[in-house]
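A short worksheet on the structure shown next.
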Amino acid sequence: MRYYETERECIDLFREEYEFLSNFYPAYMTFDGIDFYSAEAAYQAQKCAEKEQRVQFSEMYADAAKRQGKKVECREDWDQVKIPVMEAVVRAKFLQNPLLARRLLETGDKPLLEGNYWGDLFWGVDHRTGKGENHLGKILMDLRREYKEKGLPNQEGSDRKKLFEWGRDMAAQFGDITQADCQCIVNAANETLLGGSGVDGAIHREAGKELLEECRKLNGCKTGEAKITSGCRLKASYIIHTVGPHYGVEKDRELLVSCYRSCLDLAMEYGIHSLAFPAVSAGKFSYPKREAARVAVETVCQWKKEHPEYEIQTVFCTVDPRIYEYFCEFIQQYSPGRQEG
């Protein structure tokens with residue numbers, strides 16, 4: 001059973017559907033004139049006294065930024081300013097990512113505790129002892145209270161995305177796939193099709209309970225295959241659900257290839273001409289990120305060569321900075337298109 005499958009009075013682990021509360025959650029943002037891939041990178045950068053030093057964190061994913069933050073020489077006033085710096089970083093994260101701000105507000109009045117098992121008693125609470133100052137949780141609850149009392153701030157045009165276009169029919173986008181401007185999005189589902197974590201959970205959450213009702217009628221889906229539903233409350237008209245393989249199972253690459261081909265076959269059958277893909281199996285199914293991106297782009301390009309008569313725009317969409325970079329790399333390597341603009 002997943003951690004939050006049963007109703008809980010307190011959000012005390014920033015994982016699963018509440019992973020977005022963590023500073024490690026990939027949320028593209030600008031802070032002090034520098035673009036960062038996460039709030040963690042933005043925060044760790046502020047330890048440096050000079051802006052030139054902070055730039056080194058701009059291309060780091062959260063884990064690397066955390067490690068680098070332990071190595072830098074901290075500015076002299078760091079102990080005095082680290083809490084207000086964290087507050088400013090968290091505010092910027094939610095201001096520049098409107099979907100996350102709305103989800104923060106939707107947590108209602110539940111206490112937010114940055115629970116952990118590694119003994120962080122300053123920003124969070126140790127699950128083993130129940131002790132901790134929970135400064136990050138307090139910042140999040142203060143911000144949520146402000147949103148509740150004053151409403152969400154005007155965020156028009158603040159949702160930051162990176163878009164790498166190659167030719168007229170292929171792109172990589174650093175952003176939330178549930179917000180993709182496509183006729184159809186692909187869900188990296190599990191065999192039940194009844195929702196899960198990661199991309200699967202995000203799509204079910206944004207599409208609403210109607211999607212779950214539709215999926216129950218499909219009687220699941222086998223690994224490597226795909227099934228289609230309406231988009232329900234999403235911008236997209238359709239959702240194609242595909243079940244990727246766990247890394248290390250027999251014929252895992254062959255099954256992953258089958259996922260993408262099955263999705264494209266369904267798209268053609270239903271007359272779909274724009275489709276957004278996630279990196280199937282690159283999350284909890286543990287497929288290596290670089291190889292998952294390679295299989296995705298290579299397979300889609302090969303399918304397009306086999307079906308030159310069918311026009312379809314494909315976008316590879318992710319909130320993982322590393323996977324985004326891999327998508328960009330392999331699009332240039334495998335696609336015959338030429339970059340525009």
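From a predicted model like this one, the values you see are computed outputs, not experimental measurements. Below, each value reflects all heavy atoms present in this structure, side chains not excepted, and no hydrogens, waters or symmetry copies.
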I'd like to know if [X] and [Y] make a salt bridge, using a cut-off of under 4.0 Å between side-chain N and carboxylate O.
X    : Y    : value
E213 : K209 : no
E106 : R102 : yes
K66  : D63  : no
E210 : R233 : yes
D109 : K148 : yes
D181 : K235 : no
E19  : R205 : no
E329 : R290 : yes
E254 : R261 : no
K222 : E225 : no
K138 : E133 : no

Given the rule in the salt bridge (Lys or Arg N to Asp or Glu O under 4.0 Å) test, do R75 and E50 qualify, once you have shown the distances and angles that lead to the verdict? CA-CA 9 Å; R75 48 199 267 196; E50 302 297 330; over 6 Å; no
Closer than 3.5 angstrom, by distance alone: can the side chain of [X] be matched with the main-chain N or O of [Y] as a donor-acceptor pair?
X    : Y    : result
R144 : K110 : yes
D126 : G130 : no
E298 : V295 : no
S262 : G224 : yes
Q44  : Q68  : no
S38  : A41  : yes

For the [atom1] atom of [X] and the [atom2] atom of [Y], what is their distance to the nearest 0.5 Å?
X    : Y    : atom1 : atom2 : value
T318 : D176 : OG1   : CG    : 10.0 Å
L104 : E146 : CG    : CD    : 10.5 Å
E206 : I239 : CD    : CD1   : 10.5 Å
L113 : L136 : CG    : CG    : 10.5 Å
S281 : H246 : OG    : NE2   : 7.5 Å
N97  : Y25  : CG    : OH    : 8.5 Å

Look at the aromatic rings of Y18 and F20 and report parallel, tilted or perpendicular, splitting at 30° and 60°.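 Ring orientation, 0 to 90° scale: tilted.
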Could you go through the side-chain contact (heavy atoms from CB on, under 4.5 Å) check for C215 and T229 one step at a time? CA-CA 7 Å; C215 286; T229 65; 4.3 Å; yes
With sequence neighbours left out, what residues match C328 under side chain to side chain contact (heavy atoms under 4.5 Å, CB included)? F164, A172, Y324
Is it the case that over 12 heavy atoms from other parts of the model lie below 6.0 angstrom from the [atom1] atom of [X]?
X    : atom1 : answer
Y247 : OH    : no
E306 : CD    : yes
Q80  : CD    : yes

Return the set of residues passing ring-ring contact (aromatic ring centres under 6.0 Å, His included) with Y43 (not counting sequence neighbours), or none when no residue passes. W78, W123
Against Y326, only a single residue in K289, R294, E291 fulfils side-chain contact (heavy atoms from CB on, under 4.5 Å); can you say which?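 Exactly one candidate clears the test, K289.
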Starting from the C-alpha separation in whole Å, work towards a yes-or-no answer on salt bridge (Lys or Arg N to Asp or Glu O under 4.0 Å) for R322 and D320. CA-CA 6 Å; R322 278 296 176 87; D320 185 306; over 6 Å; no
Take K304 and E311 through the salt bridge (Lys or Arg N to Asp or Glu O under 4.0 Å) test and state the conclusion after the steps. CA-CA 8 Å; K304 289 187 176 187; E311 293 186 3; over 6 Å; no
Report yes or no: is the cationic atom of K82 (NZ for Lys, CZ for Arg) closer than 6.0 Å to the six-membered ring centre of F122, at no more than 45° off its axis? yes
Does H273 have its ring centroid less than 6.0 Å away from the ring centroid of Y310?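 Close enough - the centres of the two rings lie under 6.0 Å apart.
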Could you tell me whether F36 and F31 have their ring centroids closer than 6.0 angstrom? no
Checking ring pair (Phe, Tyr, Trp, His ring centres under 6.0 Å) between Y37 and each of Y61, F174, F57, which is the one that passes?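 The option that passes is F174.
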